[in-house]
Undergrad: 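Questions regarding the structure given below will be posed in turn.
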Amino acid sequence: MKGYLIHRVVPANAGDHMEYVCLVENSRGGGVWEIKRRYSVFADLRDNLDDLFDLPHCHYCKDVATKLRAIPFPQKKFFHTDDIIQQRSVQLQAYTEALLKLAANTFHRNCTLVANHAYTLLQRFLTRGQVRHLNITSKDGREGSIPCLLRELQLAMPETKKGHAKRCALEPILEIAPPIAC
């Protein structure tokens with residue numbers, strides 16, 4: 001799925017179970033949101049995709065099925081230590097990123113099974129129950145906007161003598177720079 005990025009997957013204790021908070025961005029649409037998923041929801045997505053490609057009907061989906069089964073997925077554990085939970089969040093992020101890369105491949109999208117059904121499963125997984133964000137706190141504690149790839153920020157220029165604003169210059173956003181008010 002072109003344009004979708006997974007910025008991070010962070011474990012969060014939700015009482016009697018663990019949830020994984022995923023920070024997702026659609027760089028084409030400019031949206032940034034957060035979704036919370038249990039391990040079982042990730043496993044359901046994997047199982048649904050496996051079932052979908054259980055009997056491939058063309059060489060496109062046969063290739064997808066082979067690549068899907070090659071993507072590592074964390075095993076279910078009954079006892080959770082902090083190390084296991086942290087390792088699982090890294091593995092779930094890598095799994096989701098690999099799915100996005102596979103779904104974005106235009107070669108595979110020639111198959112209607114991939115283009116319609118697999119794409120819809122993945123999109124539903126990434127967007128259902130989303131909480132939109134404007135500002136995100138980075139790992140080092142700084143708060144600011146997460147820039148979309150190739151997005152540029154308009155900086156306001158001083159007004160002219162007649163009270164009209166001059167045209168705005170465009171400059172790239174630096175990830176470490178604080179948000180700039182226009």
Side-chain angles (χ1 to χ4, degrees), residues 1-50 52 64 67-68 71-74 80 82 84-106 108-109 114-155 170-182:
M1 293 174 51
K2 290 184 179 179
Y4 282 86
L5 304 169
I6 304 295
H7 285 284
R8 64 177 179 238
V9 176
V10 180
N13 194 342
D16 61 339
H17 65 275
M18 187 62 62
E19 289 184 333
Y20 295 90
V21 181
C22 306
L23 187 62
V24 183
E25 177 183 359
N26 180 350
S27 62
R28 290 184 170 190
V32 177
W33 61 91
E34 181 179 277
I35 56 171
K36 294 179 182 179
R37 301 287 184 261
R38 293 179 71 161
Y39 171 84
S40 60
V41 178
F42 281 94
D44 288 344
L45 174 66
R46 184 200 56 191
D47 293 343
N48 289 336
L49 288 169
D50 280 346
L52 184 64
V64 170
K67 289 180 179 178
L68 267 176
I71 300 172
F73 189 81
H80 300 105
D82 289 342
I84 290 173
I85 291 169
Q86 203 63 352
Q87 182 183 16
R88 183 184 274 178
S89 66
V90 170
Q91 292 170 330
L92 290 173
Q93 181 172 351
Y95 177 77
T96 310
E97 288 171 348
L99 287 179
L100 288 173
K101 185 177 178 182
L102 196 59
N105 187 326
T106 54
H108 298 126
R109 299 214 17 118
V114 176
N116 296 331
H117 301 292
Y119 185 88
T120 303
L121 280 172
L122 194 52
Q123 188 175 32
R124 243 189 255 145
F125 175 81
L126 292 172
T127 58
R128 185 174 290 156
Q130 63 183 318
V131 177
R132 295 215 174 261
H133 285 286
L134 297 176
N135 290 319
I136 305 298
T137 305
S138 66
K139 289 180 183 176
D140 59 359
R142 286 187 271 175
E143 189 172 293
S145 298
I146 294 180
C148 289
L149 296 177
L150 306 176
R151 186 187 301 162
E152 294 181 319
L153 175 67
Q154 289 186 335
L155 298 174
L170 297 178
E171 293 184 17
I173 296 175
L174 301 176
E175 261 189 42
I176 57 173
I180 300 171
C182 288

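Just so it is clear, the model here is predicted, and its values are computed rather than measured.
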Undergrad: Rounded to the nearest 0.5 Å, how far does CG of L92 lie from CZ of R88?
TA: 7.0 Å
Undergrad: Check whether any side-chain heavy atom of V24 sits under 4.5 Å from a side-chain heavy atom of I6, and report yes or no.
TA: yes
Undergrad: Is any side-chain heavy atom of C22 closer than 4.5 Å to a side-chain heavy atom of F42?
TA: yes
Undergrad: CG of L52 to CG of N116: how many Å apart, nearest 0.5 Å?
TA: 10.5 Å
Undergrad: So does P74 get a backbone contact from the side chain of Y39, meaning a donor-acceptor N/O pair under 3.5 Å?
TA: yes
Undergrad: Roughly how far, to the nearest 0.5 Å, is the CG atom of L5 from the OG1 atom of T96?
TA: 12.5 Å
Undergrad: I need the F125 CZ to I35 CD1 distance, nearest 0.5 Å.
TA: 5.0 Å
Undergrad: Going by heavy atoms in the side chains, are Y20 and Q93 under 4.5 Å from each other?
TA: no
Undergrad: How about CG on N13, more than 12 heavy atoms from neighbouring residues, nucleotides or ligands closer than 6.0 Å, or not?
TA: yes
Undergrad: Decide yes or no for L68 and L99: does some side-chain heavy atom of the first lie under 4.5 Å from some side-chain heavy atom of the second?
TA: yes
Undergrad: Measuring only between side-chain heavy atoms, which start at C-beta, is V64 closer than 4.5 Å to N105?
TA: no
Undergrad: Mark yes or no for whether W33, through its side chain, and N26, through its backbone, hold a donor-acceptor pair below 3.5 Å.
TA: no
Undergrad: Minimum heavy-atom separation for S89 to V9, with atom names?
TA: CB-O, 3.5 Å
Undergrad: When rounded to the nearest 0.5 angstrom, what is the spacing between NE2 in H117 and CG in N48?
TA: 13.0 Å
Undergrad: As a test of understanding, state which of D47, V41, L49 forms a side chain to side chain contact (heavy atoms under 4.5 Å, CB included) with L45.
TA: L49
Undergrad: Just so I know, are the side chains of R128 and R37 near enough to count as touching, which here means a heavy-atom distance under 4.5 Å?
TA: yes
